[in-house]
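Written out below as structure tokens is the structure these notes cover.
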Amino acid sequence: MASREEMNADEVVRGTIDNVVYYNDANDYSVLEIETENNLIITAVGTMPIPFEGERVVLRGKWGYHKEFGRQFVIESFEKTLPEETEGILQYLSSRMIKGVGPATARKIVERFGEDTFEVIETHPEWLADIPGITMKKAAQISESFMEQNGLRDVVMFCKDYMSVTEATKVYKKLGAGAVGLITKNPYILCEGEYSISFTQADDIAMSLGFARDNSFRVKAGITYILNYNSIVNGHTCLPKGKLIPASVEALGIDEETLTKKLERFIKLGEFAQYNSDGAELIMTSDIADTEDYIAKRLLSIDRSAPRFSGSDIASLLESVEARNGIIYERLQKQAIYEALCGGVMIITGGPGTGKTTIVKALLSIFSSQRLKVVLCAPTGRAAKRMSEATSEEAKTIHRMLEMERGTDLNVRFGRNAGNPIDEDVCIVDEASMIDITLMQALVRALRRGSRLILIGDSNQLPSVGAGNVLDDLISSGVIRTVALTEIFRQSKESLIITNAHKINNGERPNLASVSGDFFFVRRDFERDIPKTISSLITERLPATYGRSIKSQIQVITPSKKGSGGVEALNAELQSVINPPMRNKREKTAHGTLFREGDKVMQTANNYEIEWKKGSTDGIGIFNGDIGVIESIDPNESRMRIRFDDRLANYDFELLDELELAYAITVHKSQGSEYPVVIVPMYSCPPMLMTRNLLYTAVTRAKKMVVMVGRAEVVMKMVENNSEILRYTTLKERLMDYGNN
């Protein structure tokens, strides 16, 4: 048995891959038998892309023991080269990794060309056709396959100090056999497209290649990085030049004059766009500029092209629908219905209990009576499901309505677009505050001329997770007809959730003294006690009063990730009490998070590639904010099975960086969802998160009960803080420019 020192010391193993025992092409995990230079056969395990028998390798790592398979060499880094001796070349070609070459063909090729075999395959593939059984077409295929494998090896080895094998493989698949040459010429192409390579990684490669700090490729990539970072993290679609230039100077380490001149040149070349508004010079990527411009023009076009009902017709339709439904609509509800029939685009906004669903039902009845086809949709599956339950009509996610599909380059595509618009005459969208500019562009592109778009949302909620401030921009432009509902109806006034939500929105102190009903406050003067109190509520106090079934209906929603009542602290506490470790529960640790079978988890990014099954139906796409439960963890297949409501998805371990525990989630992540019971910790966190609209959004996520836990003074600080999250956008201004012309 090896000593402890031997097991922990860094080691180097040189040899040849004798046998590929196991290889997972999803994450490149390999189990290999290596013939060392001393003619010993050892087992090596770890990440290595597309290992071939016969390849010469230099492995660095540590010796360890597996309880079932014994002594193994754990690979931490590696180098790979093609074999040079005839025997190794034959073994390599016989491994069937080169398309069109099996053991028999490999022997013929090596017998003919010996140690020159690889050079012949690469530079003179036509010579292979001299061998019986190899046609010119087959010779070309052999050469192409060899070059592909060789190119991947080159990219992996070139980039191994700067990025993971998985990242390098993505780069090769996109750039092809000439990837190393393209990267050497401009490493910053790695920041583009779907490579997921950061600017810092590309910059490290560029610096190692001797690129100057003021190189134009570098400056353009740096500016793009800052704009994209602010788009993803802060939701901005643009930045004022006065903010962008200092940030870029600091990030790139060059002088302001040089950067300003280069930026002006990039704008002239169309690589960035500048939009001037009220004296402010706003800089944005050309793609985002085109997106916001298209949305503004398209919305106004849809609005102007829709057929309008006359005033007398609308009055008649209102009387008919009131008679059918036995309802006399309130003044603002009538106005909303009127505006929906007067043009192509309109917005209905209002808080809980103000009758938005009642209006939707009335519109469905009216449109049906006029033989107009209607589609109901929402940004998320949960919001669509809630819309369907409220209206008793089918509602779809926007992605499903647009027939999302995956393109050949793995980017998302929509089957419904300008060339193939949706069939319906009217599109009604709920939870419109969640729509970012990318989804809005896809939505309006798929609406045909003469159709109607009715957006329903609560403008007092937080803006979308993605870039832009679409609903607020549309409302504040004054160009899109908007009806804001303010009347709380009698049955809703009986709910403390609804009345407290409106009190919060109006800057008034909510009722925290109730001991019955649907809104409770549990005071805790010491914030360190909040996690234990919440776990007790979930596991003991609420089930004791309302039954054990309530446990699965509870969602903890918190302002911040950090702090005593933040996501991280709460998830650690709640996982330990709700889903403790057990012998029969398998676990997997990834990016510092322990996942366990039975854990509640959330997807943290839109992923259009994940495949799922819903009964006999197949689909793709799991989206930011989707919550599921881990049903199983399979370490042999490096895969998890996760159920998202009625969809069952398989997650390769390499995707686990897109998952986090979801016993507690941030308010931002809860947007568009509704839960029977919501618990909200009230504790001190960064001022930017202690805002009125954040608290309002948290409370309005609850359907049946809200429980606040913590300090009452924190509640009042949030109520009094009416500052809103600033988002730099140009959609409002573009709507005003085009709408007033």
Salt bridge (Lys or Arg N to Asp or Glu O under 4.0 Å) assessment of Asp472 paired with Arg727: CA-CA 10 Å; Asp472 192 62; Arg727 288 199 170 184; over 6 Å; no

Apply salt bridge (Lys or Arg N to Asp or Glu O under 4.0 Å) to the pair Glu720 and Arg509, showing each step before the final yes or no. CA-CA 9 Å; Glu720 292 165 1; Arg509 181 184 180 90; over 6 Å; no

Would Asp634 and Arg639 satisfy salt bridge (Lys or Arg N to Asp or Glu O under 4.0 Å), going step by step from the backbone distance to the final call? CA-CA 5 Å; Asp634 188 340; Arg639 182 174 295 176; over 6 Å; no

Determine, stepwise, if the pair Met718 / Tyr696 fulfils side-chain contact (heavy atoms from CB on, under 4.5 Å). CA-CA 9 Å; Met718 297 183 76; Tyr696 173 80; over 6 Å; no

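For the residue pair Ile428 and Val374, the shortest heavy atom distance occurs at CD1-CG1, 3.9 Å. The minimum heavy-atom distance linking Ser388 with Glu393 is given by the pair OG-O, 2.8 Å. In plain terms, the two heavy atoms of Leu455 and Ala432 that are nearest each other are CB-CB, 4.0 Å. The shortest heavy-atom contact between Gly468 and Ile437 is CA-CG2, 3.9 Å. Nearest heavy-atom pair, Val719 versus Glu508, reported as atom, atom and distance to 0.1 Å: CG1-O, 3.4 Å. Across Ala446 and Leu402, no two heavy atoms sit closer than the pair CB-CD2, 3.4 Å.
Although no hydrogens or angles enter the test, the distance criterion places a donor-acceptor pair under 3.5 Å between the side chain of Asp518 and the main chain of Leu496. Asp652 places no side-chain N or O within 3.5 Å of a backbone atom of Leu655 that could act as its donor or acceptor partner. Using a distance-only test at 3.5 Å, with no hydrogens or angles considered, no donor-acceptor pair links the side chain of Thr545 to the main chain of Leu542. At distances below 3.5 Å, at least one donor-acceptor pair connects side-chain atoms of Gln671 with backbone N or O atoms of Leu462. Between the Thr354 side chain and the Glu487 main chain, no donor and acceptor come within less than 3.5 Å of each other. At least one donor-acceptor pair closer than 3.5 Å links the side chain of Gln333 to the backbone N or O of Glu330. Without hydrogens or angle criteria, His591 side chain to Leu656 main chain gives a donor-acceptor distance under 3.5 Å. No donor-acceptor distance shorter than 3.5 angstrom exists from the side chain of Arg701 to the backbone of Val678, with no hydrogens or angles considered. Under the 3.5 Å distance criterion, the side-chain polar atoms of Thr349 are matched with a main-chain donor or acceptor of Gly457. Remark: the backbone N or O of Glu637 is paired with a side-chain donor or acceptor of Asn24 at under 3.5 angstrom.
Between the CG atom of Leu474 and the CG atom of Asn469 there is a distance of 10.0 Å, given to the nearest 0.5 Å. To the nearest 0.5 Å, the span separating CD1 on Ile642 from CD on Gln603 amounts to 8.0 Å. Rounding to the nearest 0.5 angstrom, the gap separating the CG atom in Asn571 from the OG atom in Ser576 is 10.5 Å. In this structure, CD on Gln461 lies 11.0 Å from CG on Leu694, to the nearest 0.5 angstrom. If you take CG on Leu443 and CZ on Arg416, they are separated by 13.5 Å, rounding to the nearest 0.5 Å. Taking CD1 of Ile557 as the reference point, atom CD1 of Ile665 lies at 5.0 Å (rounded to 0.5 Å).
In this structure, a donor-acceptor pair under 3.5 Å is present between the side chains of Glu527 and Ser684. Of the N and O atoms on the side chains of Asn230 and Tyr728, not one donor lies less than 3.5 Å from an acceptor on the other residue. Side-chain atoms of Arg524 and Thr533 form a donor-acceptor pair, as typed in the model, at a separation below 3.5 Å. Under the 3.5 Å distance criterion, with hydrogens and angles disregarded, a donor-acceptor pair is assigned to the side chains of Thr558 and Tyr683. For the residue pair Thr729/Asp473, the side-chain donor-acceptor check at 3.5 Å is satisfied.
Glu394 and Arg400 are joined by a salt bridge, as a carboxylate oxygen and a charged side-chain nitrogen come within less than 4.0 angstrom of each other. Checked for salt-bridge contact, Lys385 and Asp645 miss the test: no charged N lies under 4.0 Å from a carboxylate O. Electrostatic pairing of Glu597 and Arg586 counts as a salt bridge here, judged by a charged N lying under 4.0 Å from a carboxylate O. In this structure, Lys532 pairs ionically with Glu573, as a charged nitrogen and a carboxylate oxygen lie closer than 4.0 Å. Between Glu631 and Arg643 a salt bridge is recorded (basic side-chain N to carboxylate O distance below 4.0 Å).
Two residues are said to be in side-chain contact when any heavy atoms from C-beta on lie closer than 4.5 Å; Ser231 and Ile288 meet this criterion. The shortest side-chain heavy-atom distance between Leu485 and Ile359 falls under the 4.5 Å cut-off. With a 4.5 Å cut-off on side-chain heavy atoms, Leu453 and Val429 count as touching. Between Asn650 and Glu611 there is no side-chain heavy-atom pair separated by less than 4.5 Å. Between Ser536 and Arg541 there is a side-chain heavy-atom pair separated by less than 4.5 Å. Side-chain contact between Leu363 and Val426 is absent, with no heavy atoms from C-beta onward closer than 4.5 Å. Side-chain atoms of Gln555 and Ser670, non-hydrogen and from C-beta on, never get closer than 4.5 Å to each other. The shortest side-chain heavy-atom distance between Tyr651 and Ile630 does not fall under the 4.5 Å cut-off.
By the neighbour-count criterion of 12 heavy atoms within 6.0 Å, atom NZ of Lys704 is sparsely surrounded, having that number or fewer from other residues, nucleotides or ligands. In the displayed structure, Lys562 atom NZ is contacted under 6.0 Å by at most 12 heavy atoms of other residues, nucleotides or ligands. Other residues, nucleotides and ligands contribute only 12 or fewer heavy atoms inside 6.0 Å of the NZ atom of Lys717. Residue-environment remark: NZ (Lys561) stays at or below the threshold of 12 foreign heavy atoms within 6.0 Å. Heavy-atom contacts from other residues, nucleotides or ligands closer than 6.0 Å to CE of Met688 number 12 or fewer.
In this structure, Phe414 and His399 have tilted ring planes: the angle between them lies in the 30° to 60° band.
Put simply, the residue from Leu695, Leu512, Val522, Val709 that forms a side-chain contact (heavy atoms from CB on, under 4.5 Å) with Met682 is Leu695.
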